[in-house]
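Just so you know, these numbers use all the heavy atoms, side chains as well, and skip hydrogens, waters and symmetry mates. Per chain, numbering begins at 1; letters A, B, ... match sequence-line order.
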Protein chains: 2
Amino acid sequence: MSANSRLTVAAHALTWIGLYQRRGHEVATSEQIATSVNTNPVVIRRLLAELRKAGLADSQRGAGAGWMLVRDLETITLLDVYQAIDPGPIFALHRATPNPECVVGNGIGPAMTAVYDEVEAALRGELAKTTLEDVLRDVLKAA
Amino acid sequence: MSANSRLTVAAHALTWIGLYQRRGHEVATSEQIATSVNTNPVVIRRLLAELRKAGLADSQRGAGAGWMLVRDLETITLLDVYQAIDPGPIFALHRATPNPECVVGNGIGPAMTAVYDEVEAALRGELAKTTLEDVLRDVLKAA
DNA sequence: TGTCGTTGTAACGATTAGTGTTACGACCAG
DNA sequence: CTGGTCGTAACACTAATCGTTACAACGACA
């Protein structure tokens, strides 16, 4: 699939801001975060803008401004981040509507949708088990 | 949409072949299956070729030939189909290696990989719960 | 043996999502 | 004012999927 790194980068950015703030800084710039992620600052700003809409981060403008967390790392799960970046469904149905005059073509959509709903629920359940605090703990343990 | 309809189409094709065979036919052509799926026969042949590699389907060549199931619908789970079409990972890490001199950049990869492994395991567990026989039953119930 | 229906597969273009980059306006602390 | 930072549009590039055309390979059957 189009392997998606958006959740990875979003978690990276939030964790970075959290650690930076714990070390006494008020805000983090997209430039600093981009250096850690090894990408372009605009990519970070675009992603953080989505996280801001979800109430996870906030930004200030002007000189000496930047990004900060709205909620503490302990209260943010990977599911919160996942939903904030609004990923599409994992699986899709047919591009073109299958033949409705065929028994299989007519009934396969609802049948697969039921399964896919269960799969996505399981996926969300797993993501909800991990907070960014957990992620930060793992990160620091690796050092 | 990055969302992938390959699993849907693969399950559709196998279910169609299974039902067709139960109605007394030896083989199903990619043309027939494509009509039900509402796509091009080549798309079906490409997908079924992958399922053949996984031992789920087989084909004959020549006039009056086509596709058949190797295993019964009851013994094929959606996980079997999912693995046969070899989808990439659901989530990807960073495209470019993050800054290894940054604590977060250095440790975030393994931390996220551990979570992603759990998520994929949960996803596979859900797909393993449903067989193509279950799918066919749902399909016929909808009619 | 020839024909014809079917699979096998390469090749190409279209579409889509994500990513990286440049550019420039908006904003604000000092 | 000035300079640093965000906000966002615009565009090119990559990669995966999908649809389509084309043609070779194969084999049942007359």
Atom CG of Leu48(B) and atom P of dT9(C) are separated, to the nearest Å, by 13 Å
Under a 3.5 Å distance rule, please check whether Thr75(B) uses its side chain to pair with a backbone N or O of Asp72(B) as donor and acceptor. yes
Is Arg52(B) close enough to dG8(C) that one of its side-chain N or O atoms is under 4.0 Å from OP1 or OP2 there? yes
My understanding is that a hydrophobic cluster links ILVMFWY residues whose side chain heavy atoms are under 4.5 Å apart, including indirect links. Using that, what else belongs to the cluster containing Val70(A)? none
Scan residues 52-63 of chain B for pairs that pass side chain to side chain donor-acceptor pair (under 3.5 Å), counting only residues two or more places apart or in two chains. Arg52(B)-Ser59(B)
Which of residues 54-69 of chain B have a heavy atom under 4.0 Å from DNA chain D? Arg61(B), Gly62(B), Ala63(B)
Members other than Val27(A) in its cluster, when Ile, Leu, Val, Met, Phe, Trp, Tyr link by side-chain heavy atoms under 4.5 Å? Met68(A)
With the threshold set at under 4.0 Å for non-hydrogen atoms, list the residues of residues 22-43 of chain B touching DNA chain C in residue-number order. Ala28(B), Thr29(B), Ser30(B), Val42(B)
Could you give the CZ-to-P distance, from Arg45(B) to dG19(D), as a whole number of Å? 14 Å
Whole angstroms only, please: what is the CZ-C1' distance between Arg95(B) and dT14(D)? 6 Å
Expressed as a whole number of angstroms, how long is the span from Leu47(B):CG to dG8(C):P? 13 Å
Whole Å only: how far is the NZ atom of Lys53(B) from the P atom of dT9(C)? 8 Å
Rounded to whole Å, the CD1-C1' distance (Ile44(A) to dT8(D)) equals 16 Å
Holding to side-chain hydrogen bond (donor to acceptor under 3.5 Å, both in side chains), I want the full list of residues that pass it with Glu133(A), two or more places apart in sequence or in another chain. Arg22(A)
Looking at residues at least two apart in the chain, or sitting in another chain, which of them share a salt bridge (Lys or Arg N to Asp or Glu O under 4.0 Å) with Arg137(A)? Asp134(A)
Phe91(B) atom CZ is separated from dT19(C) atom P, nearest whole Å, by 13 Å
I'd like to check the side-chain hydrogen bond (donor to acceptor under 3.5 Å, both in side chains) partners of Thr15(A); sequence neighbours left out, ordered by chain and number. none
Pairs of donor and acceptor atoms involving the side chains of residues 121-129 of chain A, under 3.5 Å and at least two apart or interchain, shall be tabulated with distances.
| unit_1 | atom_1 | unit_2 | atom_2 | d |
| --- | --- | --- | --- | --- |
| Glu126(A) | OE2 | Lys129(A) | NZ | 2.9 |

Within 6.0 angstrom of Glu26(A) CD, more than 12 heavy atoms from elsewhere: no
What is the distance, rounded to the nearest whole Å, between atom CG of Leu51(A) and atom P of dG7(D)? 12 Å
Would you state whether a donor and an acceptor, one from the side chain of Arg46(A) and one from the base of dG20(C), lie under 3.5 Å apart? yes
